[in-house]
Amino acid sequence: MARIDLEHIRHAYGEKPASAADYALKEVHHEWSDGGAYALLGPSGCGKTTLLNIISGLLQPSEGRILFDGKDVTDLPTQERNIAQVFQFPVIYDTMTVYDNLAFPLRNRKVPEADVDRRVREIIEMIGLGDWARRKARGLTADQKQKISLGRGLVRSDVNAILFDEPLTVIDPHMKWQLRSQLKKLHRQFGFTMVYVTHDQTEALTFADKVVVMYDGEIVQIGTPAELFERPSHTFVGYFIGSPGMNVLPVAIDGSRARIGETEIVLDHAPAIAAGAKTELGIRPEFVRLGRDGTPVRIAKIEDIGRQKIVRAEFSGQSIAIVIPEDGEIPAEPRVTFDPAAVNIYANSWRVGGEG
Ligand code: ATP
């Protein structure tokens, strides 16, 4: 397995890019550690596949270098990068049995047959196709074929990295959950460097140690699920992670005072904000306290989502979401306060330092 260094990577599909908008990837400069499980998460068109293809060698970046364990592989084709890949749709040999499909990447590299057998049996159980080992792949369902694809990606233990591009799209929801947990287990067991592209936050948060959130051709945050939840670096992360997403409210900052409409909130630090920047306050719905203290709110709607309720309310002229327990009481004259430790301040969409 390998550490992956992405050095000042930029990519434009068109000739002669003139401005930032012409780049599908604006600037990616990060080190991904050996044995890390990373999920690339972001909306359609943000550049996830472009970045994955640059790592795999399917695409050459317009600018920058990519290194595996310090070795520059930017100009190497995919075959010479020693990686395994799993795509959205199955890539398998229809005329071979399930067993032979899984054995293929190992036999191809002249692995002794006893080791092939041990490894294939292990993987075939993991993907739940033990009973199908001797069946030809041709007759299998799309779901089963994709499991073979996954298995083929996981069967070699000597690869630099395993890259997954939305691999569970064709898998049924129950099996999805199972395969995701098994991938995680396998990662813990073998310490593969894994990069997993998805636009599904549940998939990313359950699979990865580190989630790489992309937005409009940029990485806006790399963090653990807890970091993304508690300290979103960019308002997009706050909005994209969590359900409902973070409340992002326009705010005027004066020293350590934040003013939203008629409401003043005292911060525990004075954020350093450049003159003229657009300032916003971020507070997750889970950290808005509904009770008899604080700023009066007008409740517009209450959604019951099982163990919790989402209260939609108007707060100083802004819409906010509040999450309360299923049996949480709603006072006749409701007011809210914000948990000060959970308040984040943003300038031009980026979080301003300080912890509160
Ligand atoms: P999705 O989840 O829809 O696959 P993505 O996050 O993987 O999206 P990319 O496929 O990397 O995003 O696309 C990033 C941007 O680059 C998009 O604006 C897309 O239209 C553009 N793009 C992707 N491939 C090409 C191509 N071959 N030629 C020109 N533009 C492309």
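When reading the values below, keep in mind they use all heavy atoms of this one structure, side chains included, and skip hydrogens, waters and symmetry mates. Atoms within a ligand are numbered from 1 in the order they appear, just like the ligands themselves.
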> Which residues pass the salt bridge (Lys or Arg N to Asp or Glu O under 4.0 Å) test with Asp209, sequence neighbours left out?
Replying inline: none
>> Suppose we measure from atom 17 (C) of ligand 1 to each protein heavy atom; which comes out shortest, and what is that distance?
In response: Gly45 O, 3.7 Å
> When you measure from atom 9 (P) of ligand 1 to every protein heavy atom, which one gives the shortest distance, and what is it?
Replying inline: Thr50 OG1, 3.6 Å
> So Trp350 and His234, would you call those rings parallel, tilted or perpendicular, with 30° and 60° as cut-offs?
Replying inline: perpendicular
> Using 30° and 60° as the class limits, which term best fits the ring planes of Tyr215 and Phe236: parallel, tilted or perpendicular?
Replying inline: parallel
> Once the angle between the rings of His11 and Tyr13 is folded into 0 to 90°, is it parallel (under 30°), tilted (30 to 60°) or perpendicular (over 60°)?
Replying inline: perpendicular
>> Show me which atoms of ligand 1 lie under 4.0 Å from any heavy atom of Pro43.
In response: 6 (O)
> Do the charged groups of Lys145 and Asp143 touch, with an N to O distance under 4.0 Å?
Replying inline: no
>> Return the closest protein heavy atom for atom 6 (O) of ligand 1 as residue, atom name and distance.
In response: Lys48 NZ, 2.9 Å
> Which residue holds the protein heavy atom closest to atom 3 (O) of ligand 1, what is that atom called, and what is the gap in Å?
Replying inline: Ser44 OG, 2.6 Å
> Which residue and non-hydrogen atom of the protein lie closest to atom 12 (O) of ligand 1, and at what distance in Å?
Replying inline: Gly47 N, 3.2 Å
> Could Arg351 and Tyr346 be counted as a cation-pi pair, given that NZ or CZ must be under 6.0 Å from the ring centre and within 45° of the axis?
Replying inline: no
>> I'd like to know if atom 23 (C) of ligand 1 has any protein heavy atom within a distance of less than 4.0 Å.
In response: yes
>> Here's a test for you: under side-chain contact (heavy atoms from CB on, under 4.5 Å), which of Ile123, Asn101, Leu106 qualifies with Arg152?
In response: Asn101
> Which atoms from ligand 1 have a heavy atom of Ala24 less than 4.0 Å away?
Replying inline: 15 (C), 16 (O)
> Which option, Asp165, Leu52, Thr49, owns the non-hydrogen atom nearest atom 10 (O) of ligand 1?
Replying inline: Thr49
> Nearest protein heavy-atom contact for atom 31 (C) of ligand 1: which residue, which atom, what distance?
Replying inline: Tyr13 CD1, 3.3 Å
